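Bear in mind that the values here come from a model prediction, so they are computed numbers and not experimental data. Residue numbers run from 1 in the order of the sequence given.
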Amino acid sequence: MVEGFFTTGAIKDLYGDFKITTCGRCVSAWFIMLTYLFMLAWLGVTAFTSLPVYMYFNLWTVCRNATVVGDANFCLDLRQFGIVPIGEEKKLCTPSETFLRMCESTDLNMTFHLFIVALAGAGAAVIAMVHYLMVLSANWAYVKDACRMQKYEDIKSKEEQELHDIHSTRSKERLNAYT
């Protein structure tokens, strides 16, 4: 609302009476920079949210394959996800009771779905920030162009006024010359 309040001069150009303040241009530039920083922050959130989705997808795939192929031995090394330090060897293998309880747990599915929702929300926020950044940039370009056009119109009206004054002065001189 603040950005719109200070840059409403661009809208008033359609109805005449155009004046854009320097404060409006500064506010527009500030919002462009702020939106860009927020977009980068949400892009980081999206990247970090994709990691748990990737991890849970791999875990879900191993669980699904373990139920399809009953007597195969699948192991999940937790070191590859950074859950445990590299020096420790922690593996979850399909025949173990812990692995089977983990795969049958409803918490795993709920967590996986919540991480997917978080990833989708962060992605939507990035798309919204990019869209808002495009709108602000277009407004900035319009305001900048409108300021130049206003300067041109002011110069043009001054020149027309000077030409009118010169013409009226010559007309008065001619009228005085006939009398």
Side-chain angles (χ1 to χ4, degrees), residues 1-61 64 80-83 106-179:
M1 286 177 41
V2 171
E3 198 263 342
F5 175 75
F6 282 111
T7 59
T8 52
I11 308 280
K12 290 180 184 175
D13 184 35
L14 298 173
Y15 307 106
D17 229 19
F18 175 81
K19 287 292 177 189
I20 188 68
T21 62
T22 305
C23 185
R25 291 177 76 182
C26 291
V27 168
S28 288
W30 170 252
F31 274 106
I32 288 172
M33 183 192 69
L34 192 65
T35 304
Y36 184 73
L37 292 175
F38 279 143
M39 185 206 53
L40 290 178
W42 275 106
L43 196 61
V45 169
T46 304
F48 284 116
T49 308
S50 67
L51 295 174
V53 170
Y54 172 73
M55 185 179 79
Y56 277 100
F57 178 75
N58 284 339
L59 186 61
W60 177 73
T61 304
R64 188 182 60 180
Q80 70 183 11
F81 298 117
I83 296 173
T106 57
D107 293 339
L108 180 68
N109 279 338
M110 178 61 83
T111 306
F112 181 55
H113 288 40
L114 289 176
F115 275 124
I116 289 174
V117 169
L119 178 63
V126 168
I127 291 170
M129 290 290 167
V130 168
H131 181 263
Y132 188 58
L133 191 60
M134 290 188 313
V135 168
L136 285 175
S137 298
N139 189 35
W140 172 264
Y142 179 76
V143 167
K144 193 173 180 182
D145 186 46
C147 286
R148 288 181 184 159
M149 186 58 85
Q150 182 63 36
K151 289 177 185 177
Y152 170 74
E153 292 293 328
D154 288 345
I155 292 170
K156 184 179 170 185
S157 67
K158 286 180 183 177
E159 285 181 0
E160 287 176 355
Q161 183 65 35
E162 287 176 4
L163 286 175
H164 178 70
D165 290 346
I166 291 171
H167 181 67
S168 66
T169 304
R170 285 186 183 168
S171 296
K172 287 180 185 177
E173 288 174 358
R174 287 185 194 148
L175 187 62
N176 289 339
Y178 290 120
T179 56

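Taking 4.5 Å as the limit, every side-chain heavy atom of L59 sits out of range of all side-chain heavy atoms of F112. At a threshold of 4.5 Å between non-hydrogen side-chain atoms, the residues I127 and H131 do not count as touching. Taking 4.5 Å as the limit, every side-chain heavy atom of I32 sits out of range of all side-chain heavy atoms of Y36.
One distance of note links CG of L40 with CE of M129; it measures 11.0 Å at 0.5 Å rounding. If you take CG on L133 and CG on L34, they are separated by 11.0 Å, rounding to the nearest 0.5 Å. The distance from the CD atom of E162 to the OG atom of S157 is 10.0 Å, given to the nearest 0.5 Å. In this structure, the separation between CZ on F115 and CE on M110 is 13.0 Å, given to the nearest 0.5 Å. Distance CH2/W30 to OG1/T35: 10.5 Å, rounded to 0.5 Å. In this structure, the separation between OG1 on T111 and CG on L114 is 6.5 Å, given to the nearest 0.5 Å.
Closest non-hydrogen pair, L136 versus F31, comes out as CD1-O, 3.6 Å.
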Decide yes or no on side chain to side chain contact (heavy atoms under 4.5 Å, CB included) for W60 and N109, but give the supporting numbers first.
CA-CA 8 Å; W60 177 73; N109 279 338; 4.1 Å; yes

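Side-chain N or O atoms of T46 include one that pairs as donor or acceptor with a backbone N or O of A122 at under 3.5 Å.
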